[in-house]
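Chain letters run A, B, ... following the sequence lines, proteins first and then strands; every chain starts at 1. Just so it is clear, the values below take in all heavy atoms, side chains as well, and ignore hydrogens, waters and symmetry mates.
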Amino acid sequence: MEKRFLLGNEAVALGALDAGVGASYAYPGTPSTEITEFILGSRASQSGKVHCRWTANEKTALEAALGASYAGRRAMATMKHVGLNVASDAFVNAAVAGPNAGLVVVVADDPSMHSSQNEQDSRLYTDLALVPCLEPSDQQEAYDMPRAAFDLSERHGVPVLVRLTTRLAHSRADITPRPATDPACREAASDRRRYVLLPVNARGNYERLVSAQAALEAASETSPFNRLIDGADRRLGIVACGLAVNYVLEAFDGSCPHPLLKISQYPIPSAQVERLLTSCDRVLVVEEGYPYVEGKLRGVPPRATPRILGRQSGEIPRTGELTPQAVRAAVGMPQREAVHVPSTIPVPRPPALCSGCPHADGFRALSEAMAAHGGAGRVFSDIGCYTLGALPPYDAIDTCIDMGASITMARGAADAGLTPAVAVIGDSTFVHSGMTGLLDCVADATPVTVVLLDNSTVAMTGGQPSLATDRLVSICRGLGVDTDHLRTLDLHPTHHAENVRAIAEELSHPGPSVIIGRRECIQTARRRAAHASDKEAS
Amino acid sequence: MRRNLILCGVGGQGLLSLAAVIGDAAIRSGLRVKQAEVHGMAQRGGAVQSHLRLSDKGLHADLVERGTADLVVSLEPMEALRYVEYLSPRGVVLTARTTVENVSRYPDAAALDGELAAVSAVVIDAVALAKEAGTARCANMVMAGVASPWIGLEEAALEAAIERLFASKGRSVVDVNLSGFRRGAEEGKRLHAATAEAV
C-alpha cells in the first residue's frame, strides 16, 4: 500500500474508515477536530457509506454512536478531553450495557492546555467505566488502533477508549495503510435485559462487566502494542506510555540500555510490569498527562523497592506535556550544552480576535452599556473565540469555566443578588450546553441578560457548521423567552449606538432577556466569497 | 542526513503551508519526516511554530530537543528570537525582515536588530522578494526558497511539493508561489555561499 503523510488525527480517521466504521459523530474541539474533518472529506462519507456528522455536543455524539452500534454498525464518537466530561454519563453506562457492533470513543487530551482550560487525563475515565484504552505511540499505531479497538470492543462486549494527546494528534508522519476490511452489518440488538438498565438488569450487566476485567487484562498482556524490551543495565527500568516511548528512544539515540516496557494498551499489563519491577533497582514511568501508571505502581503506602520515579516524584515536571529535554534529563542522559540563552526580547503574542470580527462589535456595545452600572455588574462568558474578549483591548468578560456555564452562572449570581448579571455565549456553545440553562432562567423568571453571539459557525475550531444557524430565535421562543425581550441586533459598527441602547434596555429588565447579536464570522464569510469567485472563474 | 527545523511566525502568515511543502518534498525524496504543528486557538494572530524533523534513518520524537535545531526559519523577526535556545552549536537563524506588530510593547528596531545580530541571524526582505514575484502573500514560499540550500532537499522536489499543495487553487496561485520560491532560492544560494565563505 502507498504510504500516506498524515496527522495523528487523520491517521485515526483513515484507520477507522479502513476498519469499516459505519457511523461517526463528533462535536468539534481542539485537538480532536481533524478526525471528523478527515472522515467528512472521504469518499466513504460523501457516498453515504459512512454516516458522519457534527452533533450538538459530545453526549449526543456518543449516544448516537451507541445507537448505531445497537443497530449493528461499527460506530465511533470523537471529542476533546473535556468533551468526555459532557459525554461521561453515556460513556460509563454504555459500558454497563455493552455495545453490539464495535463502539470506539476517541478522545484527544491537551496537556500544556494549548487550547483548553485543564489538562485532565482521559485514562482515569477507564477506571470509572471499566473499559480498555488504546494509546498510540506514533502515527502508524494511530492508524492501526481503531481496527484493534473495534475488534477488542466486539470480542469483549465493551466500548473501547482510544486516547491521543495534542502532540500526536497534531503531528504528521508517514504511515502505511493496510487493506480495508468491510465487516458485515450485525443484526440489531434485541436483548432488553442488556439495554434496559433498570437496577434489576443493571446489576447483572455490571457483574458481567466486572468479570470481563480479567480477560481484558489478559488481552493487554498479549497485545502487540505492549512490549517489554530487555536491557542490560538494570539499575533503571523504564515504563513508557503512548508517545512517551519516542522521547525515551530519542534520548538514547534509538537503543535504550535499560529494560523498557512500552505500554499502549490498558488495563496495565501487570505481569509485564511485575517482571520489570522485580528486575530493576529503580523504575521511571514516563507518561503524558497525570501520573496515572506511576501512581498505581507506587501504591499506598509507597513501595520501597524498587523506587518508582516520574511526574509525582519530581523526576519529570508534574504539569505540561512531555518534552525531549525533560525526558532526556529524567533518564539520566547529560543535558545538551546551551548555545544560546533564551532571548529576553520577544514579548508574548497571544491569539486575538480577527480584525473585523463581529464579536469585537458585540463587546464594544456591551461594555459601553455595562459602564452605566458603575462596575456593579458582571459578564459571565463561555468557550469559543469570544473568550478572547477577556484580553485587552476588550477586557469585557469576567468568567469562562466550561461549555454552557455562562448562562447558569449568571443565573446563580442573579439569584444571589448580583445585578446586572450578563451571560455572553456563542451560537454553537448555546446549542451545545446553553439551552437547558436558559430554560432554568425562564422557569424562574431570573433577571439575566443573555447575549447570544451568533456568527453562524463553530469559529474557534476552524469553521465547522453550527447547528444553531437559523434556529436561534425559534429555540429561544420554544424555551419560553418573552418575545418582547428577545431581540436581534446586527453587530456592525454602523449600528453601534442603537445596539448599546438595546442592550442597556435589557440590562434593566427584571426578568430573563436574550439579545441575539448577529453577523457572520469574518473568516467563513471570506472563505465563502473566495469559493464563490473560484466557481465564477471556472 | 538529519535535519531538525523550527519553523515559526504569526498565525495567518502561511506557516502550515511552509511546513507542508518541506514535509511533502522530504517524504517524496525518501526521507522519514515528523512534523508537529499548531492548530486551534493559537492560530488567531498568535505566535505559531512547527517542529519539522527529517532523516534518512528512523526518527522517534515529534519535537526538536532544545540545543539541537539545525535551522530556525521564521516569517517574522521577533518570533525567530523566541526559539534561539533550540539552536545547535552550528544552528542557523533565517528570518524575514518585516515585523508584525499586533501586540503592545513590541521591541524597538534597534533592540531587535541587536539581538538578531547576536545569533548571527540571516535577515531577508522576504516581502520585497514576494512582491517581485507577484504578491506579498507568497513570502512564506520565498522563505522556503531561501532555506532550501540549508535544508538540503532538491529544488525540484520542493517545487513539485508547491505544485501539489496549491494545485486545487488554480494555475495562477501555483505560478506565483513557484515564482516566489525561485526568487527566494536564488537569494538563499547567494547567502548560503556567503555564510559558508565566512566560516
Of all heavy-atom pairs linking B:Asp24 and A:Phe5, the shortest is N-CE2, 4.1 Å

If you tally heavy-atom pairs under 4.5 Å between each of A:Lys3, A:Gln139, A:Glu337 and chain B, the highest tally belongs to A:Gln139

Toward chain B, the part of A:Pro31 with a non-hydrogen atom under 4.5 Å: neither

Distance in Å, B:Tyr86 OH paired with A:Arg336 CZ, rounded so as to fall on 0.5 Å steps: 13.5 Å

Hey, is the main chain of B:His60 close enough, under 3.5 Å, to the side chain of A:Glu250 for a donor-acceptor pair? yes

Does a side-chain heavy-atom distance below 4.5 Å link A:His340 with B:Tyr83? no

Per-residue contact mode, A:Val347 against chain B (heavy atom under 4.5 angstrom): both

Around atom CD of B:Glu154, are there more than 12 heavy atoms from other residues, nucleotides or ligands closer than 6.0 Å? no

Side chain, backbone, both or neither of B:Leu81 within contact of chain A (heavy atoms, under 4.5 Å): both

Chain A contact via B:Thr68 - side chain, backbone, both or neither, heavy atoms under 4.5 Å: side chain

Indicate yes or no for a side-chain donor-acceptor contact from B:Arg82 to the backbone of A:Ile345 under 3.5 Å, with no hydrogens or angles considered. no

Heavy-atom pairs under 4.5 Å with chain B - which of A:Thr323, A:Leu7, A:Val341 has more of them than the others? A:Leu7

How far apart are the closest heavy atoms of A:Arg349 and B:Gly45, and which atoms are they? CD-O, 3.7 Å

Crowding at CG, B:Asp108 (>12 non-hydrogen neighbours, <6.0 Å): yes

To the nearest 0.5 Å, how far apart are CG in A:Leu6 and CD in B:Gln35? 11.5 Å

Using non-hydrogen atoms and a 4.5 Å limit, figure out which bit of A:Leu353 sits close to chain B: side chain, backbone, both or neither. neither

Tell me, yes or no, whether the heavy-atom count around B:Arg105 atom CZ, taken from other residues, nucleotides or ligands under 6.0 Å, exceeds 12. no

Side chain to side chain contact (heavy atoms under 4.5 Å, CB included), that's the test. Do A:Arg167 and B:Leu63 meet it? Break it down for me. CA-CA 8 Å; A:Arg167 194 50 56 198; B:Leu63 291 175; 3.6 Å; yes

Of all of B:Asn102, B:Val64, B:Leu59, which one pairs up most often with chain A through heavy atoms under 4.5 Å apart? B:Asn102

With a 4.5 angstrom heavy-atom cut-off, which part of B:Glu37 approaches chain A: side chain, backbone, both or neither? both

Ignoring hydrogens and angles, tell me if any N or O in the side chain of A:Arg328 forms a donor-acceptor pair with the backbone of B:Glu65 under 3.5 Å. no

B:Val100 portion near chain A, given a 4.5 angstrom heavy-atom threshold: both

Nearest heavy-atom approach of B:Ser88 to A:Val339 is C-CG2, 3.7 Å

With a 4.0 Å cut-off on N to O distance, would you call A:Asp138 and B:Arg32 a salt bridge? no

Can you tell me how far the NE2 atom of A:His170 sits from the CG atom of B:Leu16, to the nearest 0.5 Å? 10.0 Å

Should we count CZ of B:Arg137 as having more than 12 external heavy atoms under 6.0 Å? no

Return the CG to CG distance between B:Asp62 and A:Leu322, rounded to the nearest 0.5 Å. 11.5 Å

For B:Val103, which atoms come within 4.5 Å of any heavy atom of chain A: side chain, backbone, both, or neither? side chain

